[in-house]
Amino acid sequence: MSERKNVTFEEVLERDGRIVYKTKGVSMRPLLRENRDIVVIEKKGEERLSRFDVALYKRGEQYVLHRVINVREDGYDIRGDNTFSMEDIPEKNIIGVLREIKRNNKTIRMDEKSYNRYVRFWNTIYPLRAVCNKCRMGLRKIKRKILK
């Protein structure tokens, strides 16, 4: 019986230059849907990422795929499309960049005009989404107090 070794994303990216996998989690909704979308991540080269690129990085033992919101000299401010907190990620922690999404036998490339319109729109309405999220969280808190 042969022993199967768990291969890391870093090893696959180093070997193949890209990794293809089905997404997990909800932090990049509505762009990515858990267990529905397949993403194609390319190994990050020497180039710096740009604002709105979607970066693959490692947080502890967990791999995270989130959007670059701000490019800094030593790293990036990054958050998921469906999250409201920013992370400070050093350049050295970025291991890959999202290049394609495969959904329902269709490929969405990150350089397509329709994708770029989505990104600009979704990030333009961020302040409104943040206010709505705070209201929703406040209402949940009130509901819990009432139901106690």
Side-chain angles (χ1 to χ4, degrees), residues 1-140:
M1 185 151 67
S2 67
E3 202 172 299
R4 184 175 172 179
K5 179 186 176 218
N6 288 333
V7 180
T8 67
F9 281 6
E10 292 93 334
E11 291 169 328
V12 174
L13 287 167
E14 191 60 40
R15 183 188 67 216
D16 301 336
R18 71 182 206 154
I19 190 165
V20 179
Y21 69 96
K22 195 175 274 192
T23 59
K24 297 279 184 201
V26 298
S27 67
M28 283 300 291
R29 286 184 78 174
L31 176 65
L32 300 174
R33 298 292 178 133
E34 184 173 34
N35 293 320
R36 177 190 74 175
D37 297 331
I38 296 172
V39 292
V40 177
I41 308 291
E42 289 183 357
K43 179 182 175 187
K44 183 189 176 300
E46 295 298 316
E47 78 284 351
R48 295 289 317 256
L49 299 182
S50 299
R51 185 171 190 230
F52 299 144
D53 280 344
V54 178
L56 176 67
Y57 60 98
K58 202 165 184 182
R59 182 193 310 132
E61 294 302 311
Q62 180 182 29
Y63 292 98
V64 181
L65 192 61
H66 281 173
R67 187 173 308 285
V68 173
I69 302 302
N70 185 39
V71 177
R72 295 187 332 280
E73 189 174 313
D74 60 341
Y76 307 94
D77 295 324
I78 295 180
R79 76 168 174 250
D81 285 358
N82 191 35
T83 63
F84 297 95
S85 60
M86 198 80 72
E87 288 185 88
D88 173 7
I89 305 298
E91 178 81 33
K92 65 182 171 94
N93 289 25
I94 307 295
I95 60 175
V97 184
L98 177 66
R99 296 296 184 209
E100 294 179 356
I101 302 166
K102 297 182 184 292
R103 175 183 303 148
N104 300 329
N105 297 320
K106 181 181 177 192
T107 298
I108 303 165
R109 293 186 42 82
M110 302 304 95
D111 57 3
E112 290 179 3
K113 287 182 181 179
S114 59
Y115 170 76
N116 287 311
R117 281 193 301 269
Y118 158 79
V119 170
R120 284 193 304 278
F121 171 75
W122 195 248
N123 283 281
T124 298
I125 67 168
Y126 174 78
L128 177 61
R129 292 187 300 117
V131 167
C132 290
N133 184 60
K134 284 184 182 183
C135 290
R136 188 179 75 226
M137 298 307 273
L139 290 172
R140 282 184 183 167

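Aromatic ring orientation, Tyr115 versus Tyr118: tilted (interplanar angle from 30° to 60°).
A side-chain donor-acceptor contact under 3.5 Å links Arg129 to the backbone of Asp81. Judged purely by atom type and a 3.5 angstrom limit, Thr83 has no side-chain atom pairing as donor or acceptor with the backbone of Ser27. A donor-acceptor pair is defined here as one N or O able to donate and one able to accept, closer than 3.5 Å; such a pair exists between the side chain of Glu11 and the backbone of Thr8.
In this structure, Asn104 has no side-chain contact (heavy atoms from CB on, under 4.5 Å) partners at least two apart in sequence or on a different chain. Residues passing the side-chain contact (heavy atoms from CB on, under 4.5 Å) test with Arg103 are Arg36, Asp37, Ile101, Ile108, sequence neighbours excluded. Scanning for salt bridge (charged side-chain N to carboxylate O under 4.0 Å, His left out) contacts around Asp53 gives an empty result, with sequence neighbours left out. Asp77 is linked by a salt bridge (charged side-chain N to carboxylate O under 4.0 Å, His left out) to Arg72, counting only residues two or more places apart in sequence or in another chain. Looking at residues two or more places apart in sequence or on another chain, you find a salt bridge (charged side-chain N to carboxylate O under 4.0 Å, His left out) between Glu100 and Lys102, Arg109.
A salt bridge is absent between Glu34 and Lys22: the closest approach of a Lys/Arg side-chain nitrogen to an acidic carboxylate oxygen does not fall below 4.0 angstrom. The pair Glu42-Arg99 counts as a salt bridge, with a side-chain nitrogen and a carboxylate oxygen less than 4.0 angstrom apart.
With Phe121 as the partner, the side chain to side chain contact (heavy atoms under 4.5 Å, CB included) test is satisfied by one option alone out of Asn123, Thr124, Ile125: Ile125.
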| field | Intermediate values then yes/no, side-chain contact (heavy atoms from CB on, under 4.5 Å), Leu49 and Val71 | value | CA-CA 7 Å; Leu49 299 182; Val71 177; 5.6 Å; no

| task | Give the C-alpha distance, both sets of side-chain angles, the deciding distance and a yes or no for side-chain contact (heavy atoms from CB on, under 4.5 Å) between Glu91 and Lys44. | result | CA-CA 10 Å; Glu91 178 81 33; Lys44 183 189 176 300; 2.6 Å; yes

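Atom CD of Glu87 sits about 10.0 Å away from atom CG of Asn93, to the nearest 0.5 Å. Of the inter-residue distances, the one linking Glu10 atom CD with Lys58 atom NZ reads 4.5 Å to the nearest 0.5 angstrom. In this structure, CD1 on Ile89 lies 6.5 Å from CD1 on Ile94, to the nearest 0.5 angstrom. Atom-to-atom distance recorded for Leu65:CG and Leu98:CG is 5.5 Å, nearest 0.5 angstrom. Summarising the geometry, atom CD belonging to Glu73 is positioned 8.0 Å from atom CZ belonging to Arg48; distances are rounded to the nearest 0.5 Å.
For residues 15-73, every residue pair satisfying the ring-ring contact (aromatic ring centres under 6.0 Å, His included) rule, not counting sequence neighbours, is listed here: Phe9-Tyr21, Phe9-Tyr63.
Taking 4.5 Å as the limit, some side-chain heavy atom of Val40 sits within range of a side-chain heavy atom of Arg18. At a threshold of 4.5 Å between non-hydrogen side-chain atoms, the residues Val97 and Ile41 do not count as touching. Residues Val119 and Arg67 have side chains in contact (heavy-atom distance under 4.5 Å, counting atoms from C-beta outward).
With no hydrogens or angles considered, a side-chain donor-acceptor pair links Lys24 and Asn35 at under 3.5 Å. Side-chain contact annotation: Tyr76 with Arg51, donor-acceptor N/O pair under 3.5 Å absent.
Residue-environment remark: CD (Glu112) exceeds the threshold of 12 foreign heavy atoms within 6.0 Å.
A cation-pi arrangement is present between Arg79 and Tyr126 under the rule of less than 6.0 angstrom and at most 45 degrees off the ring axis.
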